[in-house]
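Data first, discussion second: the structure below is written as structure tokens.
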2 protein chains.
Amino acid sequence: MSRRSGILEFAVLGLLRESPMHGYELRKRLNTSLGVFRAFSYGTLYPCLKSLVANGWLVEETGSAPEDARAASMAGRRAKIVYRLTAEGKEHFEELLSHTGPDTWEDEHFAARFAFFGQTSRDVRMRVLEGRRSRLEERLEKMRASLARTRERLDDYTLELQRHGMESVEREVRWLNELIESERAGRDKRTGPDQ
Amino acid sequence: MSRRSGILEFAVLGLLRESPMHGYELRKRLNTSLGVFRAFSYGTLYPCLKSLVANGWLVEETGSAPEDARAASMAGRRAKIVYRLTAEGKEHFEELLSHTGPDTWEDEHFAARFAFFGQTSRDVRMRVLEGRRSRLEERLEKMRASLARTRERLDDYTLELQRHGMESVEREVRWLNELIESERAGRDKRTGPDQ
DNA sequence: AATTTCATGTAATTCGTTACATGATTCC
DNA sequence: GGAATCATGTAACGAATTACATGAAATT
């Protein structure tokens, strides 16, 4: 059943929900359109796709015209493989979307979740945003405590590094506060308010 | 020769340069004092220490008093193992400190380098800071280009995520600018200006 | 015609964690 | 004397990369 990175699996299903794609294109969109994800390599992506097919969440479509498939099998050449989300895949993705666990608030998981907020209900969005915020606040607490304990023993560079780190986390908390406020106010960030 | 993470190795040598320590203590300082590093597990740390010993960069000291060693061997109990940097280890660390390569500007590598800036010469500091800045500027360029290409096709959440991501990178560039300016002005961030 | 970009894959390797196993020391 | 924390390690596993291998299509 090979490798399945939770994040990659999630992102692939989410991207394929919008429209079928082949592996190469999928990879580009993971790095650019979704912006957030690090560049997953083909060595990760292709085995993952195979595994999702094995689970019945995707189907492979070898070329749109019947000719393509024929030509491919005849000459032994490989045709583009387009992946399409199955009904089971759609269902599975909905489940992943509505489920929130401890992992959800982690850096990369959170970014992946956020990238598909457009497909999520508002209460899930709130759960994800608030969970992320409290995790960051815990992190801040630890940083502050550790800084208070060790401040004197640290040189200026180390201190500056910690200060900058804390400031970054504080900024993300403020960003989350704005988003949460915005969700609460019902100023939905979806494309259209009605229909 | 087992596992050796470049960053962990570097950080361990750097911490032991200040004073000898045992593994458990070392691990805490990696997570707190240096603040930057993710929590390396014991399963990573201890094998790494053994490998550094095998390289001749560290020596193990089993208890400070001879009694400890005797008691340990008699009862079969393990004593605390304190690791001390050897002359070769010190030399190796200096080499790592002065060497800069493509890896140096990567997120985690950079943080590790910065954490030991106090032990570095100013021109190395400048190389590291300026290298980091230009890598971030490249990243910004790519983000801007990708955003310009795909803006229309993205929903508001994805857009907001990208906007926030870019803003974070821009902030780090400004931070680096200040640091570089500060280095240039000669306002050295070391503890004492003389002696 | 040659080069770049598109496109798919596999094997070996790297980096690191989790779960397990063990025991000493300190605090209450 | 029991719990928490200190302290050291190993084996199995996991996630992802790199290097390799192949070949089609588009561009110059």
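Being a predicted model, the structure only gives us computed values, none of them experimental. A note on names: the letters A, B, ... follow the listed sequences, proteins ahead of strands, and every chain is numbered from 1.
A salt bridge links R144(B) to E141(B): at least one charged side-chain nitrogen sits closer than 4.0 Å to a carboxylate oxygen.
In this structure, Y46(A) atom OH and dT22(D) atom P are separated by 17 Å, rounded to whole Å. In this structure, H22(B) atom NE2 and dT8(D) atom C1' are separated by 10 Å, rounded to whole Å. The distance between atom CD of E61(B) and atom C1' of dA7(D), rounded to the nearest whole Å, is 17 Å. Rounded to an integer number of Å, the gap from CG of D103(B) to P of dT17(D) is 15 Å. Atom pair E60(B):CD and dG9(D):C1' shows a separation of 12 Å (rounding to whole Å applied). One atom, CG of L26(B), and another, P of dC6(D), lie 15 Å apart when rounded to the nearest Å. As rounded to whole Å, 15 Å separates atom C1' of dA21(D) from atom OH of Y42(A). Per the geometry, OH belonging to Y24(A) stands 10 Å off P belonging to dT8(C), to the nearest Å.
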TODO: List the steps, then state whether side-chain contact (heavy atoms from CB on, under 4.5 Å) holds for F116(B) with F10(B).
DONE: CA-CA 10 Å; F116(B) 294 108; F10(B) 179 75; 3.6 Å; yes
Task: Derivation of the side-chain contact (heavy atoms from CB on, under 4.5 Å) call for L13(A) and K90(A) - done: CA-CA 8 Å; L13(A) 293 174; K90(A) 225 167 264 187; over 6 Å; no
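Taking every side-chain heavy atom of I81(A) into account, dG9(C) is the closest of dG16(C), dG9(D), dG9(C).
Between T44(B) and the phosphate of dG16(C), there is no side-chain N or O to OP1/OP2 separation shorter than 4.0 Å. When the side-chain nitrogen and oxygen atoms of K80(B) are compared with OP1 and OP2 of dT8(D), none of them lie within a distance under 4.0 Å.
Taking CG of N177(A) as the start and CZ of R184(A) as the end, the distance is 9.5 Å to the nearest 0.5 Å.
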